[in-house]
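The block underneath contains the structure these notes are about, expressed in structure tokens.
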Amino acid sequence: MLISLKEALAYGEKNNCGIAAINTPTLELLLATIKVAEKHGVPMILQHAEVHDPVVSIDDIGPAMLELAKRSSAPLVVHVDHGESIDFVRRGFEIGFNSAMFDGSRLPFEDNLAQTKEVVELANEYGHGVEGELGVMPGREDGVDSAEGVGDTSLYTDPDQAAEFVAETGVTALACSFGTVHGLYKAEPKINYDLISTLRERAGVPIVMHGGSGLSPAEYRECINRGVQKINYYTYADKAALEAVKQLLVDEPSTYVMAPVTVAARNAVQNNVDELVQCLYEGQVA
Ligand code: 13P
């Protein structure tokens with residue numbers, strides 16, 4: 001069933017959980033993620049990033065995401081991730097996505113604020129929530145450009161700006177830079193937990209973690225305790241899929257069709273996302 005971003009975040013706050021937001025640009029990622037949500041009956045977010053449009057267009061994968069979410073027993077949000085223009089967000093809403101992130105984080109502050117405000121106005125026409133982003137996240141969420149800039153504090157979100165940004169734009173949640181990076185880590189993540197607490201207090205809305213792959217259970221937990229309520233996750237789930245496929249081709253070199261490959265990939269994603277969910281929804285899942 002479809003639920004709103006606000007409802008998912010409220011569940012996270014009430015139960016001290018991080019809502020898992022998984023990018024699903026392949027059918028393997030999509031089916032496996034829904035299976036995990038159904039197994040545990042917890043709210044999760046299916047999302048499509050604009051940067052994944054060359055892999056599969058939102059016009060193709062979007063209706064599948066929506067149809068599967070609507071008919072699922074699990075409470076799911078269908079969310080546009082990293083919309084880089086208002087047109088891409090509008091395209092998502094027209095398909096039926098019920099939540100969106102606008103990423104103006106690489107724009108000057110005033111431009112980010114003005115464009116995010118426009119996206120919030122558009123979303124208000126539908127009654128949908130919007131996630132904004134302030135502060136620069138190193139790396140790209142397509143896994144192509146591996147993450148650099150770990151621990152570069154000049155990229156972190158400024159709490160004064162966060163307070164102003166949320167008050168002016170009316171976003172539902174705020175993606176912030178506090179030490180995580182998109183893609184593979186080239187060095188240990190250095191998370192500034194005190195900054196998360198300050199951002200949560202000053203922004204007054206749930207904080208979103210991007211670059212959710214590769215943290216330890218203790219690191220996820222502490223981020224959630226400090227105010228992170230949505231955790232974006234993609235690279236390690238898709239990496240697990242590829243590793244399973246490579247292993248299958250070693251174990252079964254005579255494989256000559258794609259079907260067993262897709263099943264191996266889906267099972268690997270399922271195990272990987274299940275492990276994440278055990279950690280993010282501690283106390284709520286068996
Ligand atoms: P990872 O690919 O590092 O897990 O990050 C995903 C993300 O932040 C999508 O917006």
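Note that the numbering runs from 1 along the sequence shown for the chain. In listed order, ligands and their atoms are each counted from 1.
- Remark: Glu13 engages Arg200 in a salt bridge, criterion side-chain N to carboxylate O under 4.0 Å.
- Of the listed options Gly183, Ala21, Gly211, Gly211 places a heavy atom closest to atom 5 (O) of ligand 1.
- Checked for salt-bridge contact, Arg202 and Asp158 miss the test: no charged N lies under 4.0 Å from a carboxylate O.
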_Residue pair Asn192, Thr153: steps toward the side chain to side chain contact (heavy atoms under 4.5 Å, CB included) verdict_ = CA-CA 9 Å; Asn192 185 336; Thr153 53; 5.8 Å; no
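- An N or O contact shorter than 3.5 Å links Tyr234 to ligand 1 by distance.
- At a 3.5 angstrom cut-off on N or O pairs, Thr235 counts as close to ligand 1.
- By the 4.0 Å heavy-atom criterion, Ala49 is excluded from the residues contacting ligand 1.
- Heavy atoms only, all atoms of each residue included: Ser57 and His48 are closest at C-NE2, 4.3 Å.
- Within the structure, the closest approach of Val181 to ligand 1 falls below 4.0 Å when heavy atoms are considered.
- Of the candidates Asp81, Asn23, Ile22, Asp81 brings a heavy atom nearest to atom 10 (O) of ligand 1.
- Between Lys239 and Glu243, at least one side-chain nitrogen of the basic residue sits less than 4.0 Å from a carboxylate oxygen of the acidic one, meeting the salt-bridge criterion.
- A salt bridge does not link Asp274 to Lys35: none of the charged side-chain nitrogens sits closer than 4.0 Å to a carboxylate oxygen.
- Close N/O approach between His82 and ligand 1 is found [any backbone or side-chain N/O within under 3.5 Å].
- Ligand-side atoms of ligand 1 in range of His210: 8 (O), 10 (O), range being under 4.0 angstrom from any heavy atom.
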